[in-house]
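The structure appears right after this line, and notes come after that.
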Amino acid sequence: MADIRSIEELDAQGKRVLVRVDFNVPVDDAGNVTDDTRIRAALPTIERLLDQGARVILASHRGRPAGEGFEEAFSLAPAAGRLAELIGRDVALAADTVGEGAQAKVAAMEPGDVVLLENVRFDKREKKNDPAFAEALAALADAYVNDAFGTAHRAHASTAGVAALLPAYAGYLMQREVGTLTGMLDEPKRPFVAILGGSKVSDKIKVIDALMEKADVLIIGGGMCFTFLLAQGYAVGTSLKEDDWVAAAGDMLAKAEQRGVKLLLPVDVVVADAFANDARTEVVAADAMPEGMMGLDIGPKTAALYADAIAGAASVFWNGPMGVFEMPSFEAGTKAVAEAVAANQGADTIIGGGDSVAAVNKFDLADAMTFISTGGGASMELVQGEALPGVEALRR
Ligand code: ADP
Ligand code: MG
């Protein structure tokens with residue numbers, strides 16, 4: 001982190017500061033923000049700049065517009081409204097991103113004013129990291145702060161290109177995300193227990209591989225566990241499985257053995273006769289899964305085993321639900337693991353990944369965790385050991 005310029009080094013008084021935030025928030029039919037977590041996550045940075053008397057120019061994407069100009073469905077208007085409520089000041093929404101509308105709004109700014117540019121992805125040059133678009137963004141401001149950790153794994157004009165054209169700094173959220181995740185990987189408190197679940201091995205193989213180098217205990221659940229069970233020679237019925245990845249899963253098992261990493265797989269499974277909440281279910285041993293049934297959650301013995309391992313951890317990283325937690329019939333395993341992580345108050349507990357965070361929120365346990373990453377893809381790429389373009393662009 002020491003080689004990344006911090007917002008604390010920026011004297012923002014009177015300056016026009018372009019802040020890349022992640023206001024990619026869900027909005028309902030009435031145009032209300034239904035989850036303002038991402039907006040609130042940017043408040044420390046925005047408030048510091050306002051306290052210093054900066055002119056704060058915010059830029060974000062929202063959704064996946066075509067890149068051919070304004071589209072109502074992807075406007076940042078709902079985010080502007082919610083931000084104004086949260087900071088108790090007017091937030092002026094520009095009609096465009098770098099065009100005449102934005103330029104006029106920025107030219108009229110006084111210290112302490114906030115302008116939100118329209119969705120950067122209304123211009124297809126954003127995702128191409130087009131130099132002219134980056135220059136147009138840079139021309140609006142005197143300094144640049146990146147607080148959009150959730151898009152740091154994308155080399156776009158507003159996340160990477162513009163950073164080379166202005167004095168560039170990491171905002172508080174960016175610093176906290178990168179600092180926490182790299183701290184966990186560089187010097188985890190031991191024993192370090194990594195919990196991995198979710199749907200597919202193929203999505204997570206690099207994360208499993210990276211954590212194999214760091215963790216003392218690796219817990220596997222979710223849909224991906226069946227490919228591991230196949231690698232152990234068990235039958236898995238109609239469970240989610242990836243035949244092309246059985247060999248890789250077998251390699252992982254061997255690697256864990258070599259490295260002395262304790263790798264835990266389910267010993268029992270909740271199987272169902274259909275992918276439905278009202279399916280007929282049964283708890284079976286992992287080596288006796290019936291034909292024609294699919295595993296949709298870890299079983300109670302497994303949950304207890306995993307909870308025990310988690311209770312003994314000094315640090316925990318969790319990515320990926322243990323089962324189809326969206327359906328109440330298959331939420332027990334994920335809930336048990338979430339409760340075990342929450343109960344270990346002595347440990348550093350870090351949660352990453354969109355659905356894992358949603359699960360922790362569903363069980364109302366977010367406050368009990370040390371850190372919840374706001375970046376799904378970005379946190380996974382960081383854990384995999386990949387350089388994030390949005391972070392690299394902030395290096396001195
Ligand atoms: P994250 O977003 O936390 O990284 P993933 O996207 O990898 O997690 O996986 C989450 C999804 O995995 C959830 O929608 C969940 O329903 C699904 N899942 C978990 N266990 C199973 C299972 N046994 N069979 C099918 N899908 C599963
Ligand atoms: Mg997901």
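It should be emphasised that the depicted structure is a prediction, and the values quoted were computed from it without experimental measurement. Whatever order the structure lists ligands and atoms in, that order sets their numbers, starting from 1. Note: hydrogens, waters and symmetry copies are ignored here, and every other heavy atom, side chains too, is used.
For the pair Glu126 and Arg154, the salt-bridge criterion is not met [side-chain N within less than 4.0 Å of a carboxylate O]. Ion pair Asp348/Lys189 flagged as a salt bridge, since at least one NZ, NE, NH1 or NH2 atom sits closer than 4.0 Å to an Asp/Glu carboxylate oxygen. Remark: Lys105 does not engage Glu100 in a salt bridge, criterion side-chain N to carboxylate O under 4.0 Å. The residues Glu326 and Lys362 are annotated as not salt-bridged, no charged nitrogen and carboxylate oxygen being separated by less than 4.0 angstrom.
Sorted by first and then second residue, the pairs that involve residues 46-104 and meet ring-ring contact (aromatic ring centres under 6.0 Å, His included), not counting sequence neighbours, are Phe70-Phe122.
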Dump the pairs for me: ligand 1 N or O, protein N or O, distance under 3.5 Å, to 0.1 Å.
{"residue": "ligand 1", "atom": "2 (O)", "partner": "Gly354", "partner atom": "N", "Å": "3.4"}
{"residue": "ligand 1", "atom": "2 (O)", "partner": "Asp355", "partner atom": "N", "Å": "2.8"}
{"residue": "ligand 1", "atom": "2 (O)", "partner": "Asp355", "partner atom": "OD2", "Å": "2.9"}
{"residue": "ligand 1", "atom": "3 (O)", "partner": "Asp355", "partner atom": "N", "Å": "3.3"}
{"residue": "ligand 1", "atom": "3 (O)", "partner": "Ser356", "partner atom": "N", "Å": "2.8"}
{"residue": "ligand 1", "atom": "3 (O)", "partner": "Ser356", "partner atom": "OG", "Å": "2.4"}
{"residue": "ligand 1", "atom": "4 (O)", "partner": "Lys204", "partner atom": "NZ", "Å": "3.2"}
{"residue": "ligand 1", "atom": "4 (O)", "partner": "Asn319", "partner atom": "ND2", "Å": "3.0"}
{"residue": "ligand 1", "atom": "6 (O)", "partner": "Asp355", "partner atom": "OD2", "Å": "3.0"}
{"residue": "ligand 1", "atom": "7 (O)", "partner": "Lys204", "partner atom": "NZ", "Å": "2.7"}
{"residue": "ligand 1", "atom": "9 (O)", "partner": "Ser199", "partner atom": "N", "Å": "3.3"}
{"residue": "ligand 1", "atom": "12 (O)", "partner": "Ser199", "partner atom": "N", "Å": "3.3"}
{"residue": "ligand 1", "atom": "14 (O)", "partner": "Glu326", "partner atom": "OE2", "Å": "2.5"}
{"residue": "ligand 1", "atom": "16 (O)", "partner": "Glu326", "partner atom": "OE1", "Å": "2.7"}
{"residue": "ligand 1", "atom": "16 (O)", "partner": "Glu326", "partner atom": "OE2", "Å": "3.4"}
{"residue": "ligand 1", "atom": "20 (N)", "partner": "Gly223", "partner atom": "N", "Å": "3.2"}
{"residue": "ligand 1", "atom": "23 (N)", "partner": "Gly295", "partner atom": "O", "Å": "3.1"}

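The set of protein atoms (N, O or S) found at less than 2.8 Å from the Mg ion (ligand 2) reads Asp355 OD2, by chain and number.
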Show me the donor-acceptor pairs, under 3.5 Å and distance only, between side chains in residues 49-57 and residues at least two apart or in other chains.
{"residue": "Gln52", "atom": "OE1", "partner": "Ala12", "partner atom": "N", "Å": "2.9"}
{"residue": "Arg55", "atom": "NE", "partner": "Met109", "partner atom": "O", "Å": "3.0"}
{"residue": "Arg55", "atom": "NH1", "partner": "Gly14", "partner atom": "O", "Å": "2.6"}

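The two residues Thr227 and Ala249 come nearest to each other via the heavy atoms O-CB, 3.9 Å.
Using a distance-only test at 3.5 Å, with no hydrogens or angles considered, no donor-acceptor pair links the side chain of Asp268 to the main chain of Val284. Between the side chain of Ser356 and the backbone N or O of Asn319 there is no donor-acceptor pair closer than 3.5 Å.
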